[in-house]
Each structure stands twice: as structure tokens, then as C-alpha cells.
Amino acid sequence: MAATVVAFAPAAAGWRGIGRPRAARDQPPATRWRHCPSASSGSSSAAPESAPPPPAAAPAPATKEFGGGPITAPPAVVSPSPHDASDAMDWWKDAVVYQIFPDRFAPDPAGPPLGVQLDAWGASPTIRSFQGGSLRGITAKLDYIESLGVNCIYMTPVFLSTANHRYHPSDFLRVDPLLGGEAALRELVEACHARGMRVVLDGVFNHTGKRHFAFQDIMEKGASKSEYRNWYLLGAREEDYEGWCTVDPASDSGFSYDCWEGHAMLPRFNLAEKAVREHIFDIARFWLKDIGIDGWRLDVAHEISPDFWREFRTVCVEARPDCLLVGEMIHGNYNNWVGDDRLHSGTNYQMSRATWHCLNNKNYEELQTALLREDTLYDNLTLVNFLGNHDVPRIASTLTNPAHYLHCAVVMCLMRGIPCLYYGDEFGMEGTPADGTDPFSGGDDAMRRPMLDCADPSSWPAVGPSRLALTKKLIQIRKDNPVFGTLGSQDVHLIRVVSSEQFIVVRESAEQVGVLVFNSGDYNVDPWPEVQLPKGCIAAEGDKFIDLLAIPDVAVPAAGEAAPEAPVIVDGHIHGNKVEFEVSTGGKIYAGPCNPNSVRVLVFNKPKPKPDPKKVAQAMKAVKVEKAAAIEKAAADAKSAAAMAKVEAALGTEEAAAPTTAATPATTPSAPDFAAVAAAAAVVVFVVFVVG
């Protein structure tokens, strides 16, 4: 049964929209308008919009158990890339993002607001049902989230809305009280910042819900009398636009309005209207400056004019220079919306599909084509890679062969772009539109099921423990090895399709070389074609690459250390225990044998340069000179101080014998000057650094 929050009696203003039979269109929908006052002629027992949010919940104890064992204190956010203080967006190049659907991630530890009935956690959801996920629930799970290695949280909308996904915004300046209100969001942002994590909110600025104050005013007064008539695209005839609203039932008069993709509940903003743009800009400023969020993910950004995003970026950067703007990019050339004066990044839908589709079709040429397209069109962009989100089927349900999660996760985490992990994918949660039960969401509710209990492995799918371990391992590899992040090049000419199920990628940075060797076949490959390193590569003949997935703790073994004897298991499959791979004549690496459904993650670290003997000798000589001078000066200072003490003692005796007249200030002897000694010590430290 759907959750009953408050009841709403339909107002005189009716609605019509495509997607409903004509007979049904003439009747108002049976929906529950939450937290909204009734329209002019409707009676309601609903709480008014101005009702205070529920009382703040007491902080919940942090989750201490997950995966069957205690969570060790996670390390501070690692930033392997050189820090550029002149670039306010420097943090984004090392970001690992975790996407959360707030209503389904974690219930409020203090329970729901008083007087609110919710659906049972895990019940079949509908668009109007709420299961009690909250912002304080997310805050209580930060130990777990941070243990994954992520350093940025992106949440789908949190603002007041009539739908549980909250893409029907009613009030952009209020956090839905069911989520905990503004106080809970502020607590979450502060808790994340204390951990070095960023928080990105979802901005739905293309359209509103019908309960937005501007559209409500038009519904009540009519298009000709409302001061907000230019905030939306309206028409006098029913055929002008896809949405229709009846203002006067007696005469069946009303207005048509443009709505997003024909959804009558989502009237589109007229962004050409200055007042609308200023309304949106005020919203952006408020959450950036007053609450301290770190950026916006912008819904259907590709359907909005790039000129609007230019203005929006100017406003956001003025409010917060390090504000991130990521656009939802599904269609078209992303360069139209992403660039130096528009959005910082976009969702890489074209790569997302190719990542899994090539595996199901046993056709790595499809992935190569997508990479070639990305290199040709988006070489100057850093896009967001993802395997799933709230709008697409779960990756665990999409893959024909579950073993291929490894291959997809390596592409997302270790190839070009910013990785974004959808909550629950680390456990193997499933869901496709065909599994959905809500006709109004098109089955998308199946991809938005409640998060599993991260502290109870018995609630996870069978692949949960191994998939979680793999996900954490790949994120840590990315953080520890800049070659697999945004600093690493990804020359498409070095990508090799060995066969329909074998694929090689070479990445380079100034200090590292990375090689990804994919075998998605259900068979062992031996001999494996050699990997050809590029000309001028820093890895030369005799140098050794390390397979980071062959090492349980992801630590490179010391020189000469033996490989582990037991076979390493990666995501439930035998990976093999060969750790080192030597570069042979001609810059080639034999990366085989490759076990069925495996990926090798090879890395070579450029050796640190040996110290120049001449520079070391010169530094040592300088140390001796400085040390001798410092000792000599210190001795002179000490001798001078002793002499001064004798004079003062003599003067003190005379003053004691003489009659007292006026007070004469005594001269304080200067202490021995040890600055030179400190300078000499600094030189010693410098020499140790050079030699070391």
C-alpha cells in the first residue's frame, strides 16, 4: 500500500496531459500532494507549506561493522596528483564519486517525522510512496561510504517535491522535511567536509512540478492575470502544447503549457525570461554559500541552451570558485555544453553503454570505436564514467556474464574520466525496468530499490563480498597510481583489439606506465600476444611491471620478494599469482598466461634519479663551511655574553652602595645568536634529501 503522508482534495483547477486516455484526462489524478496547501476552492487536511520541519534527530552512532568485520579507520583522502593552488577545481581531477538516491539509501536513525506513515523498507515502490531514507541516515553511513575510497557524494534531488525521486520540484529553497530538512543537509555537508569529502546536489532547473508557487499562481488566476505567466511557455489552445490546465470548469477554459517530454506533471520553465533565470541563480547561490555544497549535477542539461549555462557558471563561480558543474549529457555533442565558460563536465553516456554492450556481444571493437569517438570529439574534456544510475538498468542485471563486472569496473575506475559508482552496485544489486512495478515511473523504481544493509553480509547477493572487495581495490589502485587517473594519457593508437574478447590499453604519465590487459573469454589464453610499449616509453628493457590485481593488499612487493603461492581470487575468479612482468627486447611485455574472464592491471614506476656525486660533494663542503662559521660565531657570542655579565655584576655592586636617585634602565645583554647553527642544520637536512 502506498504511504499516506497527507491528503489533498483536488482543487478546481484540473489538469490534462498526454499519456492518459481522454476519458481519464477529464478527471483529476488520485495523488497525494505532500506539504502543500490546497488550491483556492479545495479543502484540505494537509499541513501548510510553512509547517516547520520535523525535530532534528540525535546523531546516530557510526556504523562499525561491514563485510563481516570491523571497519578500520580509512586513510585521509589521497591526492596523488600534484596540487595546483592556482586552480580552484584542482580537487575534481582526483574525485571518485558515489551516487545516492536519498529516499532508498538509509532510514533516519531517529525514525520518521512524527505523524508520518511510510511504506515498509523494501516494499514495492510507486512514484508517490516514500520509504523513509533520509539525510541523517546518509550521515550515519559515512564510515562505510568513506571506506569505499570515494571522496565525493552526489545525491539525486532533495528539495520539496510530490514524488519520491523529487524530480517534480515544488520548492527549490526547502529540503524535503521527510529527508530531515535544511538542518539535516547542513549536518551532512559539514560531516563530509570534515572527512575531506565533497557534496554535489542535483539541480532540476529545466522544469518544475505543478506545485511550484509560480505555476500554482497561474492555475488559480489564469494565464492572462498571473504575474508569472511568462515563467512558462503557455498557449490558449489545447493543441499548442502537450499539457493542459482547466482554470474554469464551467466554461472548460484554461491554458496549454509546454511540459518536459510530454509529462503533464512537469511544466517547463521559460528560461528566456529574466525573472526565471534570476530565480534559478538565487537558488544556486543560496545552497553554495549558505549551506556550503560543492557543486551541482544538472538535470537534462543537454536540453538547455549553452548560453544559459554560461550565465549559470558565472553566478556559481562568483558564489564559490571551486564549485563543480556536471551536466546530464545523453544526446548530441557534449562540447556544446561542456567547456571553459560553461559546464566543467558531463555524464559520458556513450562510453557507459559501450562498456557493457561490447561484453554481451563479445565485440571489443565496439569499445574501441567508442574510445576513438571520445578521443576525436572530447579529447579536451574530462567526463564522468558510470556503469549505472537511477535511470538505467543496474549493471548486475545488464551483464550476460556476471564475471564481466570486473572488466566494466576496470574501465570505469582505471581508464580516462572520473568514476561514479551508483549505490549498491558494489554489492551486485539488480534491477531493470522490466522488474519495475510502478507504471508512472516506467519501471525505473526497480533501479531505485533500498540499499542493502552494509553491516550484514547475509543480506547481500552471493557476489556481494567479492564484488565489494574488488570495487574498493580498484578505487585504491586509482588513488595510489596517478597514471590511472586524469594525469595519465590514453593514446587511442596504443589501444589494441587482439580479438573480439581480448583487449589491451596502455596509459602513460611522467612517472608511471600502466597497462590494462583484458580477457573476457571463458577460456585461458596462453600464449598471449605481447604488449608493445610506445617509443620513448620510460620503461626500458629489463624493467619490471607489477600486476596490482595479483597482490592481495595492492602493495608492490620489495625487490626479489617471492610472489604469493596461493592463487589470488578476484571477484570470485582465479586471477593467478604471477606478479612481475619484465620488458624484453624492443619494448615488449609478455602478459600471459591470462586466465578466463581476467584483467591484468600492470604498472611500472619510474626509478628515482640517483644523486649527482658532484652536487653531493659541493653540498657537503658547504655544510662544513657553514658549520665552522656557526660554531665560531656561537663561541664569540658566548664570550661576549660572559664579559657583559661581569660588567653588570660590577655595576650592580656600585649601584647598591650609591644613594638612590632616578631609576636608570639597565641594558639587557643579547643572547647568543644561534641562527647560524640553525642554518647549518637546514643545510644538513638538504644534503640528506639529495643523497636519499
Side-chain angles (χ1 to χ4, degrees), residues 351-375 385 387 395 398-416 470 474 477 483-484 488-508 513-534 537 539 545-550 567-584 586-604:
M351 268 299 297
S352 177
R353 185 180 190 278
T355 299
W356 60 263
H357 197 261
C358 73
L359 294 165
N360 286 355
N361 283 357
K362 298 182 179 181
N363 181 15
Y364 263 130
E365 288 188 356
E366 181 181 352
L367 180 59
Q368 183 188 39
T369 299
L371 291 169
L372 287 168
R373 183 176 188 272
E374 182 180 48
D375 184 74
N385 294 332
L387 301 178
I395 187 63
T398 301
L399 290 171
T400 303
N401 185 347
H404 290 163
Y405 176 78
L406 164 65
H407 305 72
C408 291
V410 167
V411 171
M412 179 180 72
C413 293
L414 304 184
M415 290 183 66
R416 177 181 172 185
L470 171 65
L474 292 177
I477 287 175
V483 70
F484 294 122
S489 67
Q490 189 169 288
D491 189 343
V492 292
H493 300 99
L494 301 178
I495 294 174
R496 182 183 177 190
V497 178
V498 178
S499 72
S500 61
E501 295 181 297
Q502 285 80 44
F503 194 66
I504 298 173
V505 176
V506 179
R507 304 196 65 188
E508 293 183 281
V513 182
V515 178
L516 304 174
V517 180
F518 297 84
N519 175 27
S520 60
D522 293 324
Y523 47 86
N524 185 65
V525 180
D526 190 19
W528 174 274
E530 291 179 308
V531 177
Q532 178 64 62
L533 298 176
C537 181
F545 281 72
I546 302 297
D547 183 358
L548 298 180
L549 283 185
V568 175
I569 306 299
V570 176
D571 197 25
H573 300 274
I574 296 177
H575 181 77
N577 57 6
K578 184 177 179 181
V579 175
E580 295 185 339
F581 296 80
E582 187 171 327
V583 180
S584 61
K588 295 182 178 181
I589 308 170
Y590 177 66
C594 284
N595 287 350
N597 295 306
S598 64
V599 180
R600 290 202 182 279
V601 178
L602 309 181
V603 70
F604 168 76

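From T355, atom OG1 reaches atom NE2 of H404 across 13.5 Å, with rounding to the nearest 0.5 Å. Expressed to the nearest 0.5 Å, how far CG of L399 lies from NE2 of H407 amounts to 10.5 Å. Residue L474 holds its CG atom at 6.0 Å from CG of L549, rounded to the nearest 0.5 Å. To the nearest 0.5 Å, atom CD1 of residue I495 and atom CG of residue L516 are 9.5 Å apart. To the nearest 0.5 Å, atoms CH2 (W356) and CG (L367) are separated by 13.0 Å. Atom CE in M351 sits 4.5 Å away from atom CG in L371 (nearest 0.5 Å).
Of all heavy-atom pairs between A550 and K578, the closest is CB-O, 3.4 Å. The two residues E508 and P534 come nearest to each other via the heavy atoms OE1-CG, 3.4 Å. Counting all heavy atoms, side chain and backbone alike, N385 lies closest to M412 at O-CG, 3.9 Å. Closest non-hydrogen pair, R507 versus Q490, comes out as NE-OE1, 3.6 Å. Shortest non-hydrogen contact noted between V583 and A539 is CG2-CB, 4.4 Å.
A search for side chain to side chain contact (heavy atoms under 4.5 Å, CB included) contacts involving S500 returns nothing, not counting sequence neighbours. Looking at residues two or more places apart in sequence or on another chain, you find a side chain to side chain contact (heavy atoms under 4.5 Å, CB included) between C594 and V517, N519, V525, W528, S598, R600. Applying the ring pair (Phe, Tyr, Trp, His ring centres under 6.0 Å) criterion to Y405, with sequence neighbours excluded, gives no partner residue. Evaluation of the side chain to side chain contact (heavy atoms under 4.5 Å, CB included) rule for P593 yields N524, D526 as partners, not counting sequence neighbours. By the side chain to side chain contact (heavy atoms under 4.5 Å, CB included) test, S352 pairs with F386, sequence neighbours left out.
Checking side-chain atoms of R416 against main-chain N and O of F484 turns up no donor-acceptor pair under 3.5 Å. Remark: side-chain polar atoms of D491 are paired, donor with acceptor, to backbone N or O of H493 under 3.5 angstrom.
Judged purely by distance below 3.5 Å, without hydrogens or angles, the side chains of E582 and Y590 never pair a donor atom with an acceptor atom.
Between F545 and V513, some side-chain heavy-atom pair lies under the 4.5 Å cut-off. Counting only heavy atoms from C-beta outward, the side chains of V601 and L414 approach each other to under 4.5 Å. Counting heavy atoms from C-beta outward, Q502 and P529 have side chains that stay 4.5 Å or more apart. Between L548 and L602 there is no side-chain heavy-atom pair separated by less than 4.5 Å.
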One pair to check against side chain to side chain contact (heavy atoms under 4.5 Å, CB included): Q532 and V506. What are the steps and the verdict?
CA-CA 9 Å; Q532 178 64 62; V506 179; over 6 Å; no
Going through the distances and angles, do I589 and L533 end up as a side chain to side chain contact (heavy atoms under 4.5 Å, CB included)?
CA-CA 8 Å; I589 308 170; L533 298 176; 3.9 Å; yes
Applying side chain to side chain contact (heavy atoms under 4.5 Å, CB included) to C408 and L359, what does each step give before you reach the verdict?
CA-CA 9 Å; C408 291; L359 294 165; 3.5 Å; yes
Start with the C-alpha distance between F581 and D547, add both sets of side-chain angles, then the distance that settles side chain to side chain contact (heavy atoms under 4.5 Å, CB included), and finish with yes or no.
CA-CA 8 Å; F581 296 80; D547 183 358; 3.8 Å; yes
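Side-chain rings of F503 and Y364 approach one another, their centers coming within less than 6.0 Å.
Between F518 and the options V505, I504, L406, a side chain to side chain contact (heavy atoms under 4.5 Å, CB included) holds for only V505.
Applying the salt bridge (Lys or Arg N to Asp or Glu O under 4.0 Å) rule to pairs touching residues 359-374 yields R353-E366, sequence neighbours excluded.
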